[in-house]
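See below for the structure under consideration.
Keep in mind that this is a model prediction, so the values were computed, not measured.
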Amino acid sequence: MRNYIFFLLTIASINLFSQHHNTQKLSQIVFPTTEELSNIWGHTATNGKEYAIFGTETQTKIYDVSNCSSPALKATFVDGSTTFWREYKTYKNFAYMVTEAAGEGLEMFNLTNPNAITFIQKSTPSDS
């Protein structure tokens, strides 16, 4: 009986504290079925703009999602190698991407100007 009551309380607490209540889908970004996604990272720049940074098998795509109901593609950067592993992190107004793909390494992007997001630098590991 004790186990039964514990089970019921556990189920009730999951329903009471789950975070799917009071949410509403405002928009959706659709990628081609031929394009596999590897990662997504969110970032709020110091100018207040909010970005979603997507990694695909061959590209980095940066969307301005400040207006949730109308995400806008701001930049697409073709990285060269095909890989399922692109990881993103941000610091201040810069985004950093790393991958283990051959010939790739660390890539940096400047998010300061939302109308002109720029690729800054690529640093590849040496083969020595």
Side-chain angles (χ1 to χ4, degrees):
M1 180 66 168
R2 217 176 186 167
N3 288 339
Y4 180 72
I5 292 172
F6 177 75
F7 176 75
L8 289 177
L9 289 174
T10 302
I11 296 298
S13 68
I14 290 171
N15 285 332
L16 290 174
F17 298 107
S18 64
Q19 297 180 4
H20 69 279
H21 298 289
N22 300 323
T23 60
Q24 181 181 4
K25 180 174 149 182
L26 297 176
S27 65
Q28 177 175 319
I29 298 172
V30 178
F31 288 91
T33 56
T34 57
E35 201 167 16
E36 295 285 331
L37 298 178
S38 65
N39 192 4
I40 182 172
W41 186 256
H43 174 67
T44 302
T46 55
N47 60 9
K49 290 287 188 179
E50 296 179 348
Y51 297 100
I53 304 167
F54 290 90
T56 71
E57 288 181 305
T58 59
Q59 302 174 353
T60 295
K61 293 187 177 208
I62 302 174
Y63 283 83
D64 183 342
V65 292
S66 299
N67 179 357
C68 296
S69 60
S70 182
L73 179 62
K74 290 296 184 176
T76 300
F77 301 99
V78 178
D79 297 322
S81 297
T82 299
T83 180
F84 290 108
W85 307 107
R86 295 185 194 284
E87 296 295 325
Y88 299 89
K89 297 294 183 236
T90 53
Y91 178 72
K92 296 188 179 180
N93 283 336
F94 298 93
Y96 301 89
M97 185 279 296
V98 294
T99 182
E100 87 299 344
E104 301 289 327
L106 171 70
E107 294 184 1
M108 295 172 272
F109 307 94
N110 187 342
L111 305 175
T112 304
N113 183 351
N115 295 319
I117 295 172
T118 56
F119 173 78
I120 300 173
Q121 183 177 352
K122 181 182 211 174
S123 175
T124 56
S126 65
D127 294 321
S128 56

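- Taking OH of Tyr88 as the start and CD of Glu107 as the end, the distance is 7.5 Å to the nearest 0.5 Å.
- For the atom pair CD (Glu87) and CG (Leu106), the distance works out to 13.0 Å, reported to the nearest 0.5 Å.
- Asn110 pairs by the side chain to side chain contact (heavy atoms under 4.5 Å, CB included) definition with Phe94, Thr112, Thr118, Ile120, not counting sequence neighbours.
- Cluster partners of Phe54, by chain and number: Ile29, Phe31, Leu37, Ile40, Tyr63, Val65, Leu73. The rule joins Ile, Leu, Val, Met, Phe, Trp and Tyr whenever side-chain heavy atoms lie under 4.5 Å apart.
- With values rounded to the nearest 0.5 angstrom, Lys49 atom NZ is found 12.5 Å from His43 atom NE2.
- For Asn47, there are no side-chain hydrogen bond (donor to acceptor under 3.5 Å, both in side chains) partners two or more places apart in sequence or in a different chain.
- Listed by chain and number, the residues in a side-chain hydrogen bond (donor to acceptor under 3.5 Å, both in side chains) with Thr99 amount to none (sequence neighbours excluded).
- Under a 4.5 Å side-chain heavy-atom cut-off, the cluster of Ile, Leu, Val, Met, Phe, Trp and Tyr residues that includes Phe84 is completed by Trp85.
- Residues that satisfy the salt bridge (Lys or Arg N to Asp or Glu O under 4.0 Å) test with Lys74, not counting sequence neighbours, are absent from this structure.
- A donor-acceptor pair under 3.5 Å is formed between the side chain of Ser66 and the backbone N or O of Glu50.
- A distance of 14.0 Å separates NZ of Lys92 from CG of Leu111, quoted to the nearest 0.5 Å.
- Checked against side chain to side chain contact (heavy atoms under 4.5 Å, CB included), Thr58 has the following partners two or more places apart in sequence or in another chain: Thr56, Thr82.
- Contact of the Tyr51 side chain with the Ile117 side chain is registered, since non-hydrogen atoms from C-beta on lie closer than 4.5 Å.
- Here Ser27 pairs with Pro71 under the side chain to side chain contact (heavy atoms under 4.5 Å, CB included) rule; sequence neighbours left out.
- Remark: Gln28 engages Lys25, Val30 in a side chain to side chain contact (heavy atoms under 4.5 Å, CB included) (not counting sequence neighbours).
- In this structure, the side chains of Phe119 and Thr60 stay at 4.5 Å or more apart for every pair of heavy atoms.
- Applying the side-chain hydrogen bond (donor to acceptor under 3.5 Å, both in side chains) criterion to Thr34, with sequence neighbours excluded, gives no partner residue.
- The nearest pair of heavy atoms linking Glu57 to Arg86 is O-NH2, 2.8 Å.
- Side-chain heavy atoms closer than 4.5 Å link hydrophobic residues (I, L, V, M, F, W, Y) into clusters, and following such links, possibly through other members, connects Tyr91 to Val98.
- Partners of Glu36 under the salt bridge (Lys or Arg N to Asp or Glu O under 4.0 Å) rule, at least two apart in sequence or in another chain, do not exist in this structure.
- Looking at residues two or more places apart in sequence or on another chain, you find no side-chain hydrogen bond (donor to acceptor under 3.5 Å, both in side chains) involving Asn113.
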